[in-house]
**Student:** 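The following block contains the structure, expressed as C-alpha cells.
These numbers were taken from a predicted model, which means no experiment stands behind them.
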Amino acid sequence: MAWDDFALAFFSLDILREAWPILWAGFVQTILLSLTVVPLGLAGGIILAVLSTVRHPLLRWPLMAWVDTFRAIPPLVLLVFVYAGLPFAGLEVTAWTAVAIGFFLNTGAYYGEILRAGIESVPGGQMEAARSTGLTRGQAMACVILPQAVRNVLPDLISNTLEVVKLTSIASVVALPELLFQARQAQSVTYNATPIVAAAVIYFLLLWPVVRLLSRLENRQLAGRR
Amino acid sequence: MPSASSPPSQAPIIAARGIHKHFGALHVLRGVDLVVAEREFVFIIGPSGSGKSTLLRCLNRLEEPSAGSITIDGTDILDRRTDINAARRRIGMVFQSFNLYPHMTALGNVALALRKVIGLPRGEAEARAAAALERVHLADRAGHTPGQLSGGQQQRVAIARAIALEPRVMLFDEPTSALDPELVGGVLQVMRELREDGMTMVVVSHEMGFARAAADRVVFMADGVIVEQGPPEQVLGAPLHDRTRAFIRQVERH
C-alpha cells in the first residue's frame, strides 16, 4: 500500500501522459537555451583567453577583475541581478535576454580560464614559427594556437559544457519556460511529483552520452600521459 | 670591415648595423654589424650566450632590437610603418626545435602560410606545398603528421615550410642541434642544395665540418660582439684571436 502510494506520487503513467506536452515544450526550450548559451559562453571565453595573452598591464588587471568577479558571484544571484537590476538602469530585458547576458558573463569567465590554460600549454615556438612565415598574430591564434589549445583542454571544455547545460535550469527563476520550470508547473497543477521525475530522466538521457564521451576522453588522456 | 671574401659582391641583401639588445639588465648584443651579400652563405659560431641566436632573431624582428638598423632586401625591418608580415614572407626561418604544427600534416604545415599570407586558393597552395616537400625529398611524407616523422624529416618539412614562400634569405637557428647524429646529414644535404640554388643563408650552428666545406664566411661571436670573421679556412684554420682559438678547440674536441 505504501509502495502503491509512492508509485502513484512519483511514477504515475497517467500523470506523465497528461504532463507530456508541457514537459516536451520545456525540453525544447532547454535545448534552444543550451544552443544559445554554450556558443555565447564559448565566444566570451575565447575573447577573454585571447585578450589574456596580451600582457599589457592596462588590459591585464581589468581582465582579471572581470573573470574573478563573474566566477565568484553565484550564477543564480547574477541572473536575478541582471533580470531585476537592468530595468533600474533603464534597460528592459526579457527573461531570455537576461539569461543570455547572465550566462555570457558567468560561463564566459569559466570557458575563458579553461581556454587560457589551453593556450598556455602550447609551446611558444608555435607562435614564433607561425609569425616567421608572415601570419598575423590573429591568424596564428586562429589557425595554429587555438586548435592545439582546444585539443589540450577538451575534457575540461566538455565537462564545463555539461555543467552549463544543467545550469540552464536556473532560468526557471525568471520564469523562462525551460524543462525544470515546466516540470514544476505540471507538478503544481497535478499535485504529483511524476513530472519532476520525468524531467530528471530527460536530463539524464540528454547528458549521459556526453558523460560517457568525457570519461573516454579522460581515460585516453591519462593513458597518453603514461 | 668589408669582407673581401664575399662572392658576387652586389649591394648587400642584409644590412644590420649597430644592433644592441637588452633583456632587462642583460646586454646581449653590444653593437653588432652584419652585412650579407646576395647568394652569400654566412655561418655564425660562438659559445652559448654569445648572442648569435638573438642576432638571428632580430633579423626578422622576432626580437625587437634595442638599437640599430636592419635592412633586408631593401626593406627597413625596424621601421614601424613597415608591414612586418609582408617582410617576413621574404625571410625564411628554421628553428632548432622545428616548431611544426602538430595538428596538421606535413602538407598542411607547408600550405598554411601560402593560403593565409599569400592568399592562394587551397588547391594551388597545396600544389606549391607539395613542390616544396619535393625539394626536401619528402614528397612521400606529405600526409604524415609531425608525430609520425623523424626529427630529421620534421626539420626538412620546416625548411619546406619556409622555402615554399620563396624567401630572398633563409635564417637557420641551430637547425641540427636537436637531431640524433645519424639524422643530421639529411638536413645538411638539403641546406647544401639550397645553397647551390643560390639562396642567401645565415646559419647559426656548431657543424664545423659543414662550415669548412660550404660557408663563404664564418663569423665568430662572443659576449654580444663579433670577435672576428672571414673565410672559413682563416677563421677556423688560423684564427687571429685567442677566444676564437679556444672556442674552436673546445668544439672540435667533441
**Student:** State whether a side-chain donor-acceptor pair under 3.5 Å links B:T176 with B:E207.
**Tutor:**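 The answer is yes; a qualifying pair exists.
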**Student:** Could you walk me through whether B:E124 and B:R128 pass salt bridge (charged side-chain N to carboxylate O under 4.0 Å, His left out), step by step?
**Tutor:** CA-CA 6 Å; B:E124 212 171 311; B:R128 260 177 75 172; over 6 Å; no
**Student:** Are any of the side-chain nitrogens in A:E163 or A:K166 under 4.0 Å away from the carboxylate oxygens of its partner?
**Tutor:**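 Salt bridge between A:E163 and A:K166, a charged N being under 4.0 Å from a carboxylate O: yes.
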**Student:** Pick one of side chain, backbone, both or neither for B:F95, based on which atoms fall under 4.5 Å of a heavy atom in chain A.
**Tutor:**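 The answer is the side chain of B:F95.
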**Student:** Please classify the contact between B:R57 and chain A as side chain, backbone, both or neither, with a heavy-atom cut-off of under 4.5 Å.
**Tutor:**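 For B:R57, the side chain is the part near chain A, not the backbone.
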**Student:** Under 4.5 Å heavy-atom distance to chain B, tell me which part of A:Q139 shows up: side chain, backbone, both or neither.
**Tutor:**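 The side chain, not the backbone.
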**Student:** Is B:R168 salt-bridged to B:D73, going by a charged N under 4.0 Å from an acidic O?
**Tutor:**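 Yes, this pair counts.
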**Student:** Can you tell me which portion of B:I91 sits under 4.5 Å from chain A's heavy atoms? Options are side chain, backbone, both or neither.
**Tutor:**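 The answer is the backbone of B:I91.
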**Student:** For the interface with chain A, which of B:N60, B:L62, B:I84, B:L171 has the highest count of heavy-atom pairs at distances below 4.5 Å?
**Tutor:**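 Between B:N60, B:L62, B:I84, B:L171, the count favours B:L62.
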**Student:** Is the cationic atom of B:R217 (NZ for Lys, CZ for Arg) positioned less than 6.0 Å from the six-membered ring centroid of B:F41 and within 45 degrees of its normal?
**Tutor:**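 No, B:R217 does not lie over the aromatic ring of B:F41.
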**Student:** For B:I118, is it the side chain, the backbone, both or neither that has a heavy atom under 4.5 Å from a heavy atom of chain A?
**Tutor:**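 Contact with chain A involves no heavy atom of B:I118 at all.
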**Student:** Of the listed residues (A:G134, A:A130, A:P123, A:P147), which shares the most heavy-atom pairs with chain B below a 4.5 Å separation?
**Tutor:**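 Going by pairs under 4.5 Å, I would pick A:G134.
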**Student:** Any Lys/Arg nitrogen of B:R135 or B:E166 sitting under 4.0 Å from an Asp/Glu carboxylate oxygen of the other?
**Tutor:**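 No, no charged N to carboxylate O under 4.0 Å.
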